[in-house]
Every structure is written in C-alpha cells, then in structure tokens.
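To start, the structure under review is shown below, and the notes come after it.
From a predicted model like this one, the values you see are computed outputs, not experimental measurements.
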Amino acid sequence: MNQNINECLRKGDKEIPFGYTSIAEIDGVHSDMLMDFGTLRMKKGDVFEEEKDLECAYLLVSGEVKFSWCGKEQVASRGNCFDDGAWVLHVPAGTKIKITGIGEDSELTVHRTVNTTKFEPKLFAPEDTPTEYRGVGTMKETCTRVLRTFFDKSNAPWSNLILGEVINYPGKWSSFPPHDHPQPEIYYYKINPSNGYGFSELGDNVLKVHNNDTVFIDGVTHPQIATPGHALWYMWVIRHLDDNPYITPHFLEEFDYLRNPDTTIWPDGKIRQY
C-alpha cells in the first residue's frame, strides 16, 4: 500500500502534556490503524479510570503508578525505558481499570482495539518478558538491538494486538533487512539523550524522528536507524487483521541474504554484486 508520507508522521510535543493525549482513533484520525493510541502522563495523585468496550493495554514507559483492575492492584515502577524492563496491563473489553500516579512524573502508552473475545486480564511484570538481542552475529553487529515482545499470538492468541518495544544502540539499525506486512503498525519514539534524532524508512521515503514523535506504518518497509551518540527507543504495536493475523514479516528477497551469519561483508571480502 502506498502511504501519503505527509500523514505518516505526528510530531510530538517537546514536553507531552499531563493527562491523556489521543494520537490515533479507531473512528477518527488515523482510523486506518484500526486502533486507538495515545499517551498518558500523570503527576503524583492523578487518577485515570476507564471501562471501554474494547480490548485495552497500558504500557508503563517511565515513572511509578498503581494499576487496579478486577479487585487486584499492583504498584509498578520503571526508572526509564532504556535501562529497565516494562510493566503492561492487558485487559478484555468491559474491564474497569484505574491507574493512580505514585511518582512525581509518570508516562504510559494506551492501546485499544475492537475484540469481542473474553480473556483473563493479565499484568505483565518485567520478569515476564525476556530481553532479546536481535541481529547478534550478523551484519557486523550494525543491526544488533534490544527487543521485548510483551504479548503476541504465542502467549496471547486471543488478542487482536501485538505489543512490544525496541532499543536501537547509537548509530545502529533495527527492522533490517527491510520487511513489510499488511497489518497496520504504530511506532512511538524516545531518544536518549532527548536532543538527538533518528530516521524512519517508509518504503521509498525517509522521515526524521525526534523524541515523542509517532509514525504510522501501513504495508511498507520500515527499517529504523539511530544517529551516533543517541539511543533510539520505540514502542511498536501491530493490529491483527481479522482474516490475516500477524505471524512473521515478509523480508525483501534482494536483502534477505544479510540474515545469514556467514555472509561476507566488505571489507572482509571483495565487493560483490547481488
């Protein structure tokens, strides 16, 4: 699908406002993503409550909050999204949740989509999500990155979402070799330090992304790169299509050889034409 590149990037505020900020809406802006997406920033003592007729997930990006749901509660703390594992509350439609600000400044991402399947609510703690180091041993480590997948079809087959996060080391790539998939996806970015930037490829177009930016992806290749000296974190969420759930991406054939650890890359070998 050919995206209108002017509609693919939402520039974030230098300092996101307190409260809930809507970024994508199922029945509104960026409805082609088939999901609600927004940020929730909270001060100490702030309370956020909702009971939506939608599947919902709440990812703690940083700070300290108390999650309350179905008679349960748990205080969750995360110093920052680069160094610490995440907490995610995932609930079915019709579940009343409450989030209370415990720390002085906390941020979460909020995800919602249509799903009539009933399932048991789950709070994913940091120890529930292993940290993977993707790309190790290939491409001279230029695409080695941190990956955490909180839930997908393997551990939440009832969900209509996949939710995770990636950390690009400074100067390195992710989502490479180039791949695509028909299911819509959203990226939301943090840069460390925050004055840096990265680049987001969308097919034949490239977007310059900064702290708090959001990119909307619909059927095109989407490699990412962090500039030297700056780490790039991004939350990613994919919406399964009703008749075509996301399982594995399609890698562009002309670059797929780079996934092989035995591939010789210059200057270790002669220049090759592929």
Side-chain angles (χ1 to χ4, degrees), residues 1-5 8-9 33 82 129-154 161-191 196-209 213-241 244-274:
M1 182 179 295
N2 293 319
Q3 288 185 270
N4 182 340
I5 196 65
C8 293
L9 174 64
M33 294 292 102
F82 291 91
T129 304
T131 295
E132 300 180 55
Y133 295 90
R134 289 279 180 92
V136 173
T138 66
M139 294 174 274
K140 291 183 173 290
E141 306 300 334
T142 54
C143 199
T144 301
R145 70 275 193 192
V146 173
L147 172 70
R148 301 186 184 101
T149 303
F150 305 115
F151 58 85
D152 57 13
K153 284 297 184 185
S154 69
L161 297 173
I162 306 176
L163 180 61
E165 62 186 19
V166 167
I167 305 171
N168 281 26
Y169 292 106
K172 295 193 176 185
W173 292 71
S174 64
S175 295
F176 197 91
H179 68 266
D180 55 35
H181 47 79
Q183 300 83 6
E185 185 170 16
I186 295 175
Y187 283 177
Y188 173 68
Y189 299 85
K190 296 291 184 183
I191 315 291
Y197 59 94
F199 291 102
S200 176
E201 173 190 308
L202 293 183
D204 291 332
N205 297 292
V206 177
L207 300 171
K208 188 175 183 179
V209 293
D213 284 356
T214 304
V215 166
F216 307 95
I217 304 163
D218 196 356
V220 295
T221 56
H222 42 279
Q224 311 290 304
I225 187 169
T227 51
H230 302 95
L232 177 73
W233 172 94
Y234 57 94
M235 176 286 309
W236 54 272
V237 58
I238 297 172
R239 193 351 175 132
H240 294 296
L241 298 177
N244 186 11
Y246 175 91
I247 304 298
T248 56
H250 162 253
F251 288 94
L252 295 193
E253 186 175 350
E254 60 264 42
F255 297 107
D256 199 33
Y257 69 93
L258 290 169
R259 300 169 66 198
N260 186 342
D262 296 327
T263 295
T264 300
I265 297 174
W266 187 89
D268 293 342
K270 295 180 180 179
I271 296 176
R272 298 174 62 186
Q273 298 297 322
Y274 291 93

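- Applying the salt bridge (Lys or Arg N to Asp or Glu O under 4.0 Å) rule to Arg145 yields no partners; only residues at least two apart in sequence or on another chain are considered.
- To the nearest 0.5 Å, atom OG1 of residue Thr214 and atom CE of residue Met235 are 7.0 Å apart.
- Remark: side-chain polar atoms of Gln224 are paired, donor with acceptor, to backbone N or O of His222 under 3.5 angstrom.
- Taking the ring-ring contact (aromatic ring centres under 6.0 Å, His included) definition, one finds that Tyr234 meets it with Tyr187, Tyr189, sequence neighbours left out.
- Residues satisfying the ring-ring contact (aromatic ring centres under 6.0 Å, His included) criterion with Trp236, sequence neighbours excluded, are absent altogether.
- Every residue two or more places apart in sequence or in another chain that forms a ring-ring contact (aromatic ring centres under 6.0 Å, His included) with Phe199 is listed here: Tyr197.
- For the side chain to side chain contact (heavy atoms under 4.5 Å, CB included) test, residues two or more places apart in sequence or in another chain that qualify with Val136 are Tyr133, Glu141, Thr144.
- Ring pair Phe255/Phe176 is tilted by interplanar angle, where 30° to 60° counts as tilted.
- A distance of 7.0 Å separates CD1 of Ile247 from NZ of Lys153, quoted to the nearest 0.5 Å.
- Applying the salt bridge (Lys or Arg N to Asp or Glu O under 4.0 Å) rule to pairs touching residues 227-241 yields Arg239-Asp242, sequence neighbours excluded.
- Shown here are the side-chain hydrogen bond (donor to acceptor under 3.5 Å, both in side chains) partners of Thr142, two or more places apart in sequence or in another chain: there are none.
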Kindly indicate, with the supporting measurements, whether the criterion side-chain contact (heavy atoms from CB on, under 4.5 Å) is fulfilled by Thr138 and Leu258. CA-CA 7 Å; Thr138 66; Leu258 290 169; over 6 Å; no

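- Taking all atoms of both residues into account, the shortest heavy-atom contact from Met139 to Pro177 is CE-CD, 4.1 Å.
- Note that CD1 of Ile238 is 9.0 Å distant from CG of Asp152, once rounded to the nearest 0.5 Å.
- Contacts of His250 classified as side chain to side chain contact (heavy atoms under 4.5 Å, CB included), with partners at least two apart in sequence or in another chain: Asp180, Leu252.
- Judged as a side chain to side chain contact (heavy atoms under 4.5 Å, CB included), and not counting sequence neighbours, Asp204 has no contacts.
- In this structure, Glu165 CD and Phe82 CZ are separated by 9.5 Å, a value rounded to the nearest 0.5 Å.
- With sequence neighbours excluded, the residues forming a salt bridge (Lys or Arg N to Asp or Glu O under 4.0 Å) with Lys140 are Asp268, listed by chain and number.
- Not counting sequence neighbours, the partners of Phe151 by the ring-ring contact (aromatic ring centres under 6.0 Å, His included) test are His90, Phe124.
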Starting from the C-alpha separation in whole Å, work towards a yes-or-no answer on side-chain contact (heavy atoms from CB on, under 4.5 Å) for Thr227 and Ile191.
CA-CA 10 Å; Thr227 51; Ile191 315 291; 6.0 Å; no

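- With sequence neighbours excluded, the residues that form a side chain to side chain contact (heavy atoms under 4.5 Å, CB included) with Asn244 are Pro182, Gln183, Leu241.
- To the nearest 0.5 Å, atoms CG (Asn4) and CG (Asp218) are separated by 12.0 Å.
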